[in-house]
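Inspection log for the structure reproduced underneath, given as C-alpha cells.
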There are 2 protein chains.
Amino acid sequence: MAQPYPGHDIIAGGGTKMAIRDAAVKLFTSKGFEQTSLREVADAVGITKASLYYHYPSKLDLLLAIIEPVVENIRRVVAEVDGLGHDADTVRRVLRDYLRGMIRHRDAGSMCVRDTVAIYNALSERYPDVLESGKVLADWLAGPDASHEARVRAAAALSVITSALTTDEYVPGVSDEVLESTLLDAATCVLNIHATA
Amino acid sequence: MAQPYPGHDIIAGGGTKMAIRDAAVKLFTSKGFEQTSLREVADAVGITKASLYYHYPSKLDLLLAIIEPVVENIRRVVAEVDGLGHDADTVRRVLRDYLRGMIRHRDAGSMCVRDTVAIYNALSERYPDVLESGKVLADWLAGPDASHEARVRAAAALSVITSALTTDEYVPGVSDEVLESTLLDAATCVLNIHATA
DNA sequence: GTCTATATACCGATAGAC
DNA sequence: GTCTATCGGTATATAGAC
C-alpha cells in the first residue's frame with residue numbers, strides 16, 4: 001500500500017520526495033554539492049535527515065536523480081549525431097535540439113556547470129559513458145579531419161550553447177525564445193556556418 | 001635567517017611552498033576544492049599536514065594564493081573598460097587583453113571554472129568586489145541601452161573567451177596563438193562586430 | 001514515514017617536541 | 001621546517017521506537 005497509484009507518484013504520493021529534490025537543487029546550486037549537508041536539505045524541507053534517507057538511499061543517489069534529465073539530453077543528442085552527415089543545416093538542427101534541452105532543464109543544468117567537479121565525479125561512478133559525450137559532440141561539430149582552429153571553434157560553440165544555463169544571471173527576464181534564437185545564431189556564427197534556414 | 005635572499009624566495013627558499021601550490025592546483029582541479037583534503041595535498045608533496053600549515057595559514061589562504069593572478073586579470077580589465085568608448089576596435093582590444101590573461105593563467109583559471117561555487121564562496125569572503133566583475137564586463141560589452149538579445153550575445157561572448165580554459169581537453173596541443181586568434185574572432189563574431197583590424 | 005539517538009570516520013586546525 | 005598527537009566539530013549513514 002505504499003502508493004495507491006503505482007507509477008503516478010508525482011500525482012498521488014511522493015510530495016515529500018519532490019520537495020526534497022527541489023530544495024536540493026536550490027541548495028546544491030548556490031552552495032555546491034559537497035558544501036551542502038543533508039541536514040540543511042532536510043531543514044529546508046521541514047523533515048529530519050533520517051526521513052530524507054527513507055526517500056533517497058544516499059546523497060549521491062539524490063544528486064543522480066536531479067541530473068538525470070540533463071544526462072538524458074546529452075545522451076539523446078550524441079545518439080542522434082552518430083553517423084549523421086555534416087552539412088550546415090544538419091549542424092544547425094542538432095545545435096537547436098541540444099540547446100532546447102539545455103533551456104528546458106535549466107535549473108539542474110546550471111547546478112551542473114556551477115559544480116562541475118562534483119558532478120563529474122558522481123557521473124564517473126554511475127554513468128561513465130556520459131563523460132565522453134562532450135568530446136564526441138565536439139568532434140562531430142568540428143567535422144571530419146578538422147584543423148586545430150576548427151576544433152577550437154567547435155568547443156567554443158558548445159560553450160555558447162552551455163551559456164544558456166547561466167544567462168539568467170546577466171539578462172534577467174529574457175524569454176526562452178530570444179535565448180534560443182540568439183544563442184543558436186551565435187553558435188553557428190562561431191562555427192563559421194551560414195545555413196540557408 | 002629565514003631567507004638568505006628576502007624577496008627572492010622563488011629562487012632561494014620556498015621550494016616546498018611552491019610544490020604545495022602546484023600539487024594543490026592539480027588536486028583542486030581534478031577533485032574540487034572541498035573534496036580535496038589537506039592531507040591529500042600534503043601526501044602529494046611528501047610532507048605532513050602540519051608542515052603544510054607552516055607555509056599557508058589556512059586552506060582558504062592556499063586557495064586564494066592560487067587564484068590571485070586570475071583575480072588580478074579580471075580586475076585589470078574591468079578597471080580598463082571603465083569610462084571607455086564602445087566602438088568595434090576598442091571592444092576587440094579589450095577582448096584580446098582579457099583573453100590573453102586567461103590563456104596565461106590557464107591552470108588556475110580552469111580550476112576556477114571547474115569548481116565555480118567553491119571559488120565564489122571563497123571570493124565572497126575576501127574579494128567581494130570581484131564577484132560583480134563578470135556582470136560589469138558583460139554590461140559594457142553589451143553596450144549602452146542594450147536589448148535582451150545584445151545582452152545575451154555579450155554573455156555568450158564572455159563564455160567563448162572563458163572556453164580558452166577548457167579547450168585543452170578537446171584540442172590537445174593547440175598553440176596559444178591559434179587559441180587566441182580563433183577565440184577572439186569567434187567572440188567578436190558572437191557580438192556581431194566586424195572591426196577594421 | 002517520521003522521529004531520536006548514535007556509530008563511525010574524516011575534516012581543518014593547533015600544541016609542542018625536535 | 002617538519003614531525004607526532006590530538007582537539008573540536010561535522011559529515012554520512014544506520015538502528016530502532018513510534
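Reminder, nothing fancy here: chain letters follow the sequence lines and each chain counts from 1.
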Inset, instruction - Could you state the atom-to-atom distance from OH of A:Tyr54 to C1' of D:dA13 in whole Å? - result: 17 Å
Inset, instruction - Return the value, rounded to whole Å, for the distance between atom CD of A:Glu34 and atom C1' of C:dC10. - result: 13 Å
Inset, instruction - Report the nucleotide, chosen from C:dA13, C:dC11, D:dT12, that has the shortest atom-to-atom distance to any side-chain atom of A:Leu38. - result: D:dT12
Legend entry - Atom pair distance, as rounded to whole Å: NZ in A:Lys59 and P in D:dT14: 15 Å
Inset, instruction - Take the protein atom CG of A:Leu52 and the nucleotide atom C1' of D:dT14, then report the distance between them rounded to whole Å. - result: 14 Å
Legend entry - Closest listed nucleotide, where the reference is the side chain of A:His55 and the choices are C:dG1, C:dA13, D:dA13: C:dG1
Legend entry - Nucleotide D:dA5, atom C1' - distance to OH of B:Tyr53 in whole Å: 15 Å
Legend entry - Phosphate-side-chain proximity, A:Thr16 and C:dT2, N/O vs OP1/OP2 below 4.0 Å: yes
Legend entry - Whole-Å gap separating P (D:dA11) and CG (A:Leu60): 18 Å
Inset, instruction - Using atom CZ of A:Arg39 as one end and atom P of D:dA13 as the other, report the distance to the nearest whole Å. - result: 17 Å
Legend entry - Over-ring placement of A:Lys135 relative to B:Tyr170, 6.0 Å and 45° cut-offs: no
Legend entry - Between C1' of C:dC3 and CD1 of A:Ile47, the distance in whole Å: 11 Å
Legend entry - NZ/NE/NH1/NH2 to OD/OE distance under 4.0 Å, A:Arg153 and A:Glu149: yes
Legend entry - Among C:dT4, D:dT2, C:dG12, the one nearest B:Ser37 by side-chain distance: C:dG12
Legend entry - Note, B:Trp140 side chain near B:Val77 side chain (heavy atom, < 4.5 Å): no
Legend entry - Listed nucleotide nearest any side-chain atom of B:Ser51, set D:dC3, C:dC3, C:dC11: D:dC3
Legend entry - Closest nucleotide among C:dT4, D:dT4, D:dT2 to the B:Ala50 side chain: D:dT4
Legend entry - Shortest non-hydrogen contact between B:Ala164 and B:Leu99, atoms and distance: CB-CD1, 3.8 Å
Inset, instruction - Kindly indicate whether the side chain of A:Ser159, heavy atoms from C-beta on, has any atom under 4.5 Å from the side chain of B:Thr162. - result: no
Inset, instruction - Look at the side chain of A:Thr48 and decide which nucleotide, out of C:dC3, D:dT12, C:dA13, has an atom nearest to it. - result: C:dC3
